[in-house]
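Data first, discussion second: the structure below is written as structure tokens.
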Amino acid sequence: MFVDVVETNRTGVGEEASPAQPRPQSQSPSPRQGWLDALRGLAALVVVFEHCVDALFPEVRAGASQWFNFGQYGVLVFFLVSGYVVPVSLERRGSVGGFWINRVFRLYPLWFVAAAAGTVFGAAGVYATLPSQLADNPGISTLAHLTMLQDLLQVVSVVNVFWTLSYEMVFYLLVTAMFVAGVHRAGITGMIAFAAAAVTLGGLLPAGALSRGAGTAQVVVVTAVVLLAAAASLACRGRLRVCGTAAAAVLALVLLGANSRIGAWQSLAILATMFAGTVLYRLDQGRLRWKRSGWALVCVPVASIGAAWAFGPGWGMPADQALAFTWGWSTAVAAAWATFLAARLLRRRPMPRALVGLGLISYSVYLLHPLAVQVLRRLTTDPGRFSLAERLAMAVLLLGVVLACSALTYRAVERPAQSLGRRLSRWAGSRTRTAETSAEVRALLPVRGLPRLLTRLPGRGREPARAQQDRQQQRGDQRERDGKSGQRGDPADGARREEPRRVAHGGRARDTCAR
């Protein structure tokens, strides 16, 4: 999750326009927004701390964790940041195909590394063995993971933090369908709809009902087929593309409401939070007004907290643990919103360089730190045996190892994959523009004045202008050569050429005198 949330603002504008909107104009790359990087860095640190609590600081789990969930706070900050920039990345690029090429090369290369390492760690029993579901059904489990929707397919994640990627993927599918259908500006509608559904329908939709009724394997296969068909539809145009992306979005909504592992109300609240991030971006750009949209934004955290108190955690828990979950979720929601809004107010001020740098490698930190925590928990099976100073030293050492490995994977895996994705995206976009131009030329063949209309085609404005300048320059050079040849030629020929001019000038002079 939360990947490419800032770098999307640096990409050039798109390769192909949505059929529901005009082709975007070329824009220069935008500078990175340091406040978003800083938020990502802060959220990554908080998530790492949450996963170290049981291994190093059980006192925190027994005390503060009863009232505040550090992990939920971190991922909610990430979700807000993703909602703030991901839809805008698609709109600025103007190309659904280019957007998904960049998504694939941004998400999957490092994901493959983490998934492979997590499988090896589980097989070797570094801390815990592979779950029986993954070991008994490796084919279905692998297919579910490849869709990145495994958390909504009732398949255990091979690395525990993979669950958030499922909600990122649902958000991408919904945003893509809205863009293709031409309703991508309706962020407020989507935000309110998900927030209202979390409060009203969240408790009525049982978790995992679809997999229990139809079978996990069947749901995984159907999901993979629909997603493949939707991916193929991106190469088409018109109704096929609309139908393909709509089918993927409907599938995502069905899985979200009827097959979520964490409960429907919490899943709906997460999507409402991400759409709220998009609305905040539009407010910052002046496309919406606070007087009309502020009340809708307030509804999202209120609905998220209200649903938690109304429906609880969504799975069997003792009363005291359920109460702790409700309080932890509620305070995490409030703190995540407060953090994001405070950083937004300070967005034009310099941010701490350490947090900004950490934000650049936050995807690696997020995916790799659970593996380091497994090693730590293997070494510290009983944290009570160590003093507080020793545990603090272990925490510093763990963070250093995670940052070093993350910096390495960022340079060796993430950055090269991102560069390749951008090149492929530009190549695909250039082919799309060529095909579109050829189609427009064929459509204009029966029309008179075709050369003049060609100058109005997208991407054809510069060449005719240069050709016209060349023709003017050639005519000027020809006149100059004619003048020089006239001066070097026979005087009688020059006199004969000058005679019509004198007559014309004389005639104009006489006419002027007569007037």
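Treat the numbers as computed from the prediction; the structure is a model and nothing was measured.
- When all heavy atoms are compared, the tightest approach of Ala248 to Ala230 is CB-CB, 3.7 Å.
- Remark: side-chain polar atoms of Ser166 are paired, donor with acceptor, to backbone N or O of Met148 under 3.5 angstrom.
- Under the 3.5 Å distance criterion, the side-chain polar atoms of Ser364 are left unmatched by any main-chain donor or acceptor of Thr409.
- Aromatic rings from Phe162 and Trp111 are positioned such that their centres are separated by under 6.0 Å.
- Among all heavy-atom pairs drawn from Ser233 and Thr245, the shortest one is OG-N, 4.0 Å.
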- Message: Does Glu168 form a salt bridge (charged side-chain N to carboxylate O under 4.0 Å, His left out) with Arg103? I'd like the steps, not just the answer.
- Response: CA-CA 11 Å; Glu168 287 280 334; Arg103 289 293 89 198; 5.7 Å; no
For residues 196-205, tabulate all N or O donor-acceptor pairs below 3.5 Å that involve a side-chain atom, not counting sequence neighbours.
residue	atom	partner	partner atom	Å
Thr200	OG1	Ala196	O	2.8

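- Ala55 and Pro383 make their closest contact through O-CB, 3.2 Å (heavy atoms, listed as atom of the first residue, atom of the second, distance).
- In summary, the side chains of Gln133 and Ser141 do not present any donor paired with an acceptor at a separation below 3.5 Å, with no hydrogens or angles considered.
- Taking the six-membered ring where tryptophan is involved, the planes of Phe325 and Trp265 are perpendicular, since the angle between them exceeds 60° and thus also 30°.
- Two residues are said to be in side-chain contact when any heavy atoms from C-beta on lie closer than 4.5 Å; Asp37 and Gln33 fail this criterion.
- Side-chain rings of Phe99 and Phe179 stay apart, their centers remaining 6.0 Å or farther from each other.
- With rounding to the nearest 0.5 angstrom, the OG1 atom of Thr223 is 6.5 Å from the CG atom of Leu227.
- Between Phe340 and Trp35, a ring centre-to-centre spacing shorter than 6.0 Å is recorded.
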